[in-house]
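These notes concern the structure reproduced below.
Sequence lines set the chain letters: A, B, ... in the order given, protein chains first and strands last, and positions in each chain run from 1. Excluded from the calculations below are hydrogen atoms, water molecules and symmetry mates; all remaining heavy atoms, backbone and side chain alike, are included.
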2 protein chains.
Amino acid sequence: MSHTIYDIAKAAGVSIATVSRVFNKAESVKPSTREKVMKVADRLGYQPHVYAQGLASKRKNRIMMLAPVMSNYFLTEILRGIQDCLASHDIELNIVNISQDSRAIDQVENIIKKSWAEGYLLVSLHLNEEELSCLERYQVPISLLDDYSSYFDSVSFDNVEGAFLATDYLISRGYERIVILSANPNAIPIRERLAGYKKALEKSKIPFRESYVVTGDNMERDGFNEQSGYEAMRKILTMDPMPDAVFCTSDIKAVGAQKAMRETGLKIPLISFDNLSISEYIGLSTVSQPMYRMGSEATEMLISRIRNGESKSRHTQYEPELVIRSSSEKPTVKHEAV
Amino acid sequence: MSHTIYDIAKAAGVSIATVSRVFNKAESVKPSTREKVMKVADRLGYQPHVYAQGLASKRKNRIMMLAPVMSNYFLTEILRGIQDCLASHDIELNIVNISQDSRAIDQVENIIKKSWAEGYLLVSLHLNEEELSCLERYQVPISLLDDYSSYFDSVSFDNVEGAFLATDYLISRGYERIVILSANPNAIPIRERLAGYKKALEKSKIPFRESYVVTGDNMERDGFNEQSGYEAMRKILTMDPMPDAVFCTSDIKAVGAQKAMRETGLKIPLISFDNLSISEYIGLSTVSQPMYRMGSEATEMLISRIRNGESKSRHTQYEPELVIRSSSEKPTVKHEAV
DNA sequence: CTGAAAGCGCTTACAG
DNA sequence: CTGAAAGCGCTTACAG
């Protein structure tokens, strides 16, 4: 039904090799020949068959982003960075969702095995070192985003410092009973943020208490969801004595936490983590991650590895910035219940 | 570096045709032969080369979702539906982002031309009939999601009825100066929602006023963003006389609108549209779209067309449901400014 | 139930 | 600057 390189070659009165060269932007084609071929190709609506190209050339001009797409707003920002970077390189992007149902590493391995792409961007997957080491044998360029490992290039965020800044800010405002609204304790970002929280307490000689690590019951997406934030905040608001500030481990959880405060009419100053696009609009004080830049940086790394095949892995870590809005303010009036 | 079908054939002492049959689940292979092949394949970590398979078989077992990924929360829900449906069919999904920068139809056409997949899911693209008609000549299964056209299968939502319900509810609560917080007037969903809004006014003999269609200035994603909602609401709150209720065309815009109300300390009852996962937590009354079901339904349609090649196009339209939360309540106390 | 062989639509040394 | 030809790794009638 669609035309092949033979059709074009015949119609243009050249060999298929020449048609191929024209489409691969080879320099060595006489301009007049090139034009002749292009004219025919345009008229017939010719498109090279991607599978055939891939098979013959062993190239694919394509990278894949593997990510838990469900964990959303955060990824959106990252994606923008990736795409803007790609646009300037004429490389295509495929996005594949890694579902939370089955083991992430199995899904990743299955995809990489099939060698669809020239490189892979593993976003927020937080595979462990052992799992990542399995991937090494495929000898394919891989960059980690929002993650770290010695095995591959990585672009990460200083979660420890971010959590430290947030907690330290709360301490500087005079709060002492500061809880951390946490999530799955085994998740890497949580471990790091907890460490930063502890570090800030330590600096000010405030004792760490296990009971001040509060988690919701809903563990979807490792507990990074609204409901989990809501549940945890309900618990916090019944503690006695009631904590006087909370460091919340993600903006999306803070959305749930805010609901709990509205419902009960109680309000505690809160700082969270991410700085999503909605956060500005709901007044969240938060630790800002440069998601866009992280996306483009990781992509740049991946491309350079594909093109130049560097030897040792490179790592970039972005530093946090505190954005103060209304959620961390001391409640002057009692908040009205809704 | 990686093994080919020849390596497996040789190691298993069979022909490559037999190996191929084993991997394609052909019935006609003796169980003992199958086992022998599988054992070797497992040991050598063999994976068929996808491009070669695609080239030789002219099949791909793969569908592609084309969507403006940036328009996010809404898509997340849809995606879950798609994936759950796909899982039961052993078909792979690729997600390709259609950027808002350049013409959507060009991007779509470019992808379809390359015939990566056996079928395409066009989500929230709102191409016009003329553009869609261009796609017909590629003779490939296409389903539209969150969109409608006579050319292709479609799963859509009754935007008119949804807007009608929301507006009618506000009227039933005694409001009369009801504005519509709108977006790009050329966007299909906006046109339909405006029509539903008008229909409700008409039913109650409330005159429609052009000045009650209020839009923000930020037109990213057709104005479906927080900032645009914020801007529009600021305008609304300075109108004289001030409107007494607002029908907001999307939840994400409502997030911005709520900020405007908090800032000014003024509050107007509001109903919006979508029912995103955050909406419950920020108390939005809204028109609920069954996004998950829409996703799986559209996928089911696409697969059946791929497998059976139906003749005429089928269309499913989902009906709205009103979810009433706190945002549509009459403000009793003046809202405190933040 | 299995194999030999043609063919899918390209790319790329090689030769000229 | 261009062409003939081999080859990429599979699938699938066809024959047995």
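Every residue meeting the salt bridge (Lys or Arg N to Asp or Glu O under 4.0 Å) condition with A/Arg305, not counting sequence neighbours, appears here in chain and number order: A/Asp153. A/Tyr51 pairs by the ring pair (Phe, Tyr, Trp, His ring centres under 6.0 Å) definition with A/His49, B/Tyr51, B/Trp116, not counting sequence neighbours. Every residue meeting the side-chain contact (heavy atoms from CB on, under 4.5 Å) condition with A/Ser150, not counting sequence neighbours, appears here in chain and number order: A/Glu129, A/Tyr148. Qualifying salt bridge (Lys or Arg N to Asp or Glu O under 4.0 Å) partners for B/Glu109, counting only residues two or more places apart in sequence or in other chains: B/Arg137. Applying the side-chain contact (heavy atoms from CB on, under 4.5 Å) rule to B/Val40 yields the partners B/Ile8, B/Ala11, B/Ala12, B/Arg43, B/Leu44; only residues at least two apart in sequence or on another chain are considered. In terms of the ring pair (Phe, Tyr, Trp, His ring centres under 6.0 Å) criterion, residue partners of A/Tyr46 (sequence neighbours excluded) are, by chain and number, A/Phe23. Applying the salt bridge (Lys or Arg N to Asp or Glu O under 4.0 Å) test to B/Glu92 and every residue at least two apart in sequence or in another chain returns A/Lys114. Take B/Glu131 and apply the salt bridge (Lys or Arg N to Asp or Glu O under 4.0 Å) test, not counting sequence neighbours, and it matches B/Arg103.
No more than 12 heavy-atom neighbours from other residues, nucleotides or ligands sit within 6.0 angstrom of CD on A/Glu220.
Of all the residues in residues 31-38 of chain B, not one reaches under 4.0 Å from DNA chain D with any non-hydrogen atom.
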Fill in the blank from the handout: Its contact letters, B for base, S for sugar-phosphate only and - for none at protein heavy atoms under 4.0 Å, make nucleotides 6-13 of chain D read -BBBBBBB

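Among the atoms of the strands shown, none is found under 4.0 Å from any heavy atom of A/Val50.
Taken together, the paired segments of DNA chain D that extend over three or more consecutive Watson-Crick or G-U pairs, each closer than 3.5 Å at both contacts, are C:1-3 with D:14-16, C:5-12 with D:5-12, C:14-16 with D:1-3.
Residue pairs that meet the salt bridge (charged side-chain N to carboxylate O under 4.0 Å, His left out) test with at least one member in residues 290-303 of chain A, sequence neighbours left out, do not exist here.
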